[in-house]
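Counting starts at 1 for both ligands and their atoms, following the listed order. Excluded from the calculations below are hydrogen atoms, water molecules and symmetry mates; all remaining heavy atoms, backbone and side chain alike, are included.
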Amino acid sequence: MACDKVVVSSPATIANFGPGFDSFGLCLESPRDRISMRRLPNDKLEVKVIGKHKLPRDPLRNTASYAAIKLSELCGCERIGFSMTIRKGMKPGSGLGSSAASSTGGALAMAALLGMRKKELILEAAAMGEELVAGSRHFDNVSAALYGGFTVVSDLSTRTVIKIRPPLFQVVVVVPDISIETKKARGILPQQVPMEHAVRNIGLASGMLHAMLKRNVRQIGACLDDKLALPYRAALIPGYERVRNAALSAGAYGVSLGGSGPAIFAITGGNASKIRRSMAEAVGEAGLKSESFVTVPGKGARVESRS
Ligand code: HSE
């Protein structure tokens, strides 16, 4: 049913999740963006951003409002005026899918105003919002943000997304106080990779899917490695290896980079506070401040209220 006002929440996500470059995504229960949107009686567009993070107010440059506009276009609607207020739950440029959270939330909010429920269209519009910021239409973050749980973009050309309910584990996240633009972090990746690296990733990615389906958290951790993007991007993060070793020594099952970084995450079945402390200390030893938190795999973007 269409409505005039809606509030949605949209989660942080971990793209790539080890070996699944541009394919795997894990949805986190928190943090989440909150987006409220109401129809305006005219075709005016307004964007307000609450909180400490600076984001564009121009509706055609803000990823959330842009995705909302794209969704209405995909639905064949005339321009719809709206006022949107965004409260960011995560820092942009941190590797936690900030732009995907915004764009998925914006597209979902517009879908709710229109009374439209087709997830494929919401996903497409969200990916357009992602493209505005990242310069490429990758679907890993937006798929996880929309569907929740663990997602695999198994065929981009047909937009085939596999959804898997992950087992329960804790995700420890440390975000060093540097910002890495996704566009730049994609720009440094080689266009060709050695065959042995491709083979290693195929093995790890297959092992990851098996571990998810068997709900084997230790094996999930063991498959958290990558040869396609991680080696190049880790070099942008002072102390990455030190943080990784600190997490593993404190009992983490596996460690990797959140999307294009700088967020570093570890997964574990227990001991999360100790792992978090060790990782934060290691970032400090590398000369950087950080924010850190512990969360769990979560549900996707959702409508919190509508009227
Ligand atoms: N898969 C994308 C990348 C995610 O690694 O560039 C960016 O957040």
Side-chain angles (χ1 to χ4, degrees), residues 10-28 31-33 53 55 63-64 66-67 88-107 123 126-147 150-157 159-162 171 173-176 178-193 197-198 201-202 204-205 208 223-237 240 255-265 300-301:
S10 189
T13 47
I14 292 181
N16 306 336
F17 203 67
F21 180 68
D22 276 2
S23 306
F24 290 174
L26 182 78
C27 179
L28 301 179
R32 302 178 81 92
D33 285 355
H53 303 301
L55 291 175
T63 178
Y66 183 80
K88 286 302 292 174
M90 65 220 80
K91 188 177 150 199
S94 60
L96 294 173
S98 165
S99 51
S102 291
S103 59
T104 305
L123 185 71
M128 291 175 177
E130 178 82 299
E131 185 178 22
L132 182 72
V133 177
S136 80
R137 204 178 290 182
H138 53 270
F139 278 68
D140 47 359
N141 286 109
V142 288
S143 297
L146 182 63
Y147 294 115
F150 183 69
T151 48
V152 181
V153 182
S154 69
D155 187 346
L156 187 58
S157 67
R159 306 292 195 250
T160 307
V161 179
I162 297 169
V171 187
V173 181
V174 176
V175 188
I178 51 173
S179 188
I180 296 182
E181 259 185 55
T182 302
K183 237 185 236 175
K184 250 194 210 152
R186 293 180 77 81
I188 61 165
L189 299 182
Q191 290 305 303
Q192 276 156 10
V193 296
H197 291 178
N201 266 62
I202 291 169
L204 288 167
M208 179 66 81
C223 291
L224 277 178
D225 197 9
D226 171 50
K227 288 284 179 207
L228 303 184
L230 182 67
Y232 308 94
R233 289 169 167 179
L236 303 176
I237 303 163
Y240 174 79
V255 182
S256 194
L257 204 58
S260 54
I264 303 168
F265 73 95

Which of the ligand 1 atoms, numbered from 1, are nearer than 4.0 Å to a heavy atom of Phe21: 3 (C), 5 (O), 6 (O)
Which atoms of ligand 1 sit under 4.0 Å from any heavy atom of Ala15? 4 (C)
Which of these, Leu123, Val161, Thr151, Asp22, sits in a side chain to side chain contact (heavy atoms under 4.5 Å, CB included) with Phe139? Leu123
Shortest protein contact, atom 6 (O) of ligand 1 (heavy atom only): Arg186 NH1, 2.6 Å
Just to confirm my output: which protein heavy-atom neighbour is closest to atom 8 (O) of ligand 1, and how far is it? Asn141 OD1, 3.1 Å
With a heavy-atom distance limit of 4.0 Å, tell me whether Asp22 approaches ligand 1 through its side chain, its backbone, both, or neither. both
With a 4.0 Å heavy-atom cut-off (strictly under), which part of Lys183 contacts ligand 1: side chain, backbone, both or neither? neither
Test item: Arg186 side-chain N/O and Ala134 main-chain N/O as donor-acceptor pair under 3.5 Å: no
May I ask you to test the Lys88-Pro31 pair for a side-chain heavy-atom distance under 4.5 Å? no
For a 4.5 angstrom cut-off between non-hydrogen side-chain atoms, does Leu204 reach Asp226? no
Would one find an N or O of Thr182, backbone or side chain, under 3.5 Å from an N or O of ligand 1? no
Ser10 and Asp33 side chains, donor-acceptor separation under 3.5 Å: no
